[in-house]
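Beneath this line is the structure, given in structure tokens, with notes to follow.
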Protein chains: 4
Amino acid sequence: VTTTRLETFADGVFAIAATLLIIDVGLPANFHDSLGHELLQIWPQYLAYAISFATIGIIWVNHHTVLMQVGRVDRSFLFLNLGLLVSVAFIPFPTRVLAEFVRTQDDGRAAALLYGVTMMVMSVTFLSVWLYASVGRRLIAPEAGSQAISGITRSFLPGVPMYTAATLIAFVSPKASAALFGLLALFYMVSSSFFGRREDRRFESS
Amino acid sequence: VTTTRLETFADGVFAIAATLLIIDVGLPANFHDSLGHELLQIWPQYLAYAISFATIGIIWVNHHTVLMQVGRVDRSFLFLNLGLLVSVAFIPFPTRVLAEFVRTQDDGRAAALLYGVTMMVMSVTFLSVWLYASVGRRLIAPEAGSQAISGITRSFLPGVPMYTAATLIAFVSPKASAALFGLLALFYMVSSSFFGRREDRRFESS
Amino acid sequence: VTTTRLETFADGVFAIAATLLIIDVGLPANFHDSLGHELLQIWPQYLAYAISFATIGIIWVNHHTVLMQVGRVDRSFLFLNLGLLVSVAFIPFPTRVLAEFVRTQDDGRAAALLYGVTMMVMSVTFLSVWLYASVGRRLIAPEAGSQAISGITRSFLPGVPMYTAATLIAFVSPKASAALFGLLALFYMVSSSFFGRREDRRFESS
Amino acid sequence: VTTTRLETFADGVFAIAATLLIIDVGLPANFHDSLGHELLQIWPQYLAYAISFATIGIIWVNHHTVLMQVGRVDRSFLFLNLGLLVSVAFIPFPTRVLAEFVRTQDDGRAAALLYGVTMMVMSVTFLSVWLYASVGRRLIAPEAGSQAISGITRSFLPGVPMYTAATLIAFVSPKASAALFGLLALFYMVSSSFFGRREDRRFESS
């Protein structure tokens, strides 16, 4: 299995998991209000859809950042990636639960915890994928600069503690926790656009 | 992330979003008529399925027209594309709602508005993707002719006002609005076949 | 849009439509028998799943046979292909309906007609795709032999009348009609393996 | 149809089947406990999701091991692969049934048998794919070493008897049978990582 092959499979799972999110957006089976009112009423579903889609999109971008530095693939790396894919493909379930229960107090907490734990598992497996490949340059391509490698490590390390913090806040307020999951996605997009700008230049000059 | 990679991911989302549309085509849970009668009765579902599938197909064709002119990709371009994908992958939801409610008067209006707003957001993000890449030739490949660039801009500009008009008509008649969404897809296919004919020739000669 | 691009998108739709079929395989909401008994009871669902999956698989194989002879793509060809994809992605719906109603007399007829009409539309659009490309060698690659072209035309022509016949038989017996859809898939696989054998040799020697 | 094409289609089906598994993870329609309690209560669903995802992931890895040795493809090989894909894409159904019924005694047995029989069919079709290609080196690439070929055969042969054994144990205990399906996936990952290590070296040195 080559890097290309892994990329194709992982991209497939990312694209499918993101696109499947829409299946869970829906109206309640019986509603007594007008359709217009109901469509506004279910706004947490739209938000949850957008946040999870953006999060999977960011994982996709970062996964490519990883594979661009990787020169070869071994079976352990493959199965670490499989672990990452298992957790990414799981995201539609906590998204659905969070959208349904975020507005209730006690169940909202459980829903935000489920979402947060999924994200923590995802960021831990993602970090493992990267550290397995990069520590001692185990699978890193010879032409990859060591500055780029440590730059990527620096940019990935905050993920686990940040998702842990956002998850713990669910004990105080499920809504605040959910808002943080959204802000984290936004933060990653903005910071990645900045970090990326430098990186893009590097790739162009090479 | 290269142009190819972005294409693979975007194509995946387009193909999945279009193919998922069929999940929402279905018979009512309890029906009292014969199956044959019911199958004819749900014709708005078939039409909504075909219109949304064709619309996503056209977005796919146009997205390639864009990427064929793009020589390099930066992170901002990537996240603009992510915005486009979020709105395209959302299409199955308004399709389902429109098919179910188009025949009712008040709820039909809300359903057509939901569909129309989704299409407006989609065409705005699509236009942003193109304008971000093409203004000042920011990401345009050196070999792309400036005539082709301005031709594409001209062909994309009407999208937003046309979808806005079709959406506003929902206030008068949801059915007329839905019919216009279908006609817009048809119009794009026909005009694109004409515009494309010239374009194809250009690519052949190169 | 190049042949490769079209292939990727079409393959995506074929793979997704086939894999989505499993969503519709399921137990009734309330069943009073043992699970084992129910699992045997729903055999038409397994059969319908296998026949539709095989049918989509055959369309996939034949679609590649077409694209291997095609040297260039124009917009009209693209939109004819889109028509084919619309009808292939529709297959999960008639499959679901046929599996549920094949054992009833009157509704079984409607279900078999729905399935048959879908297949007729699919085979007509497939034939259009091929004829548009091949008549006058409009889009055929220069290196493609004229014998291969007419051989493919000969092998595709029976599709429409055979599906029409199988559909008409639904008026007499829905079950016989359903059995014929299965036999048609089987026949295509076997005959294609024979036709293919010669064809493979041809491609190897080139 | 070339090896690459088959790979793309098969990878699509593998990725979709695995990612679709999440659709079947869900809360019961009406639950009286707290959400937190219910989320813990449905642990068999998480486990079934993870085991089936890992199993499909392993099939994906092994399928590539096969195609890397295959130099050319004929129609019979193609349709054997189609048979494999039919059984892999079927996996979400027995997964859903097993997760729901594994904790009941009689229905649990039927559920484990359904899952086991699916896996047996899958491993038989997988073995057929490999044996069809490798016996007499029918489709094997000239540069593939005969040691590698017999090594692969040795590593694939235990699949059928092991899945048969795990299935038969369902008559005694559905839970033990389900646990074995999980252990088999784990065993394959570990052993494949070892076998793979040697294999990877071989490919690197070439």
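First the proteins, then the strands, lettered A, B, ... as listed; each starts at 1.
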> Which region of A/L114, side chain (C-beta onward) or backbone (N, CA, C, O), has a non-hydrogen atom less than 4.5 Å from a non-hydrogen atom of chain D, or is it both or neither?
Replying inline: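 For A/L114, the contact with chain D is made by the side chain alone.
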
> Quick one: what part of A/F101 sits under 4.5 Å from any heavy atom of chain D, side chain, backbone, both or neither?
Replying inline: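 For A/F101, the side chain is the part near chain D, not the backbone.
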
Considering non-hydrogen atoms only, spot the tightest contact between [X] and [Y] and give its length.
| X | Y | result |
| --- | --- | --- |
| A/F93 | D/V25 | CD1-O, 3.5 Å |
| A/F79 | D/I58 | CE2-CG1, 4.1 Å |
| A/R96 | D/I23 | NH2-O, 4.2 Å |
| D/T19 | A/L20 | O-CD1, 3.6 Å |

>> What residues of residues 102-113 of chain A make heavy-atom contacts with chain D at a cutoff under 4.5 angstrom?
In response: A/D107, A/A110, A/A111

> Using non-hydrogen atoms and a limit below 4.5 Å, what part of residues 42-51 of chain D faces chain A?
Replying inline: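 Listed by number, the contacting residues are D/I42, D/Y46, D/Y49.
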
> Which bit of D/L39 is near chain A, if near means a heavy-atom gap under 4.5 Å: side chain, backbone, both or neither?
Replying inline: side chain

> For D/E38, is it the side chain, the backbone, both or neither that has a heavy atom under 4.5 Å from a heavy atom of chain A?
Replying inline: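 Neither part.
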
> So how far is it from D/E7 CD to A/T8 OG1, rounded to the nearest 0.5 Å?
Replying inline: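 Going from the CD atom of D/E7 to the OG1 atom of A/T8 covers 8.5 Å.
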
>> Nearest 0.5 Å, please: how far is CD1 in D/I22 from CD1 in A/I91?
In response: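 The CD1 atom of A/I91 sits 10.0 Å away from the CD1 atom of D/I22.
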
>> side chain to side chain contact (heavy atoms under 4.5 Å, CB included) for A/V97 and D/L27? Distances and angles first, verdict last.
In response: CA-CA 9 Å; A/V97 172; D/L27 296 161; 4.2 Å; yes

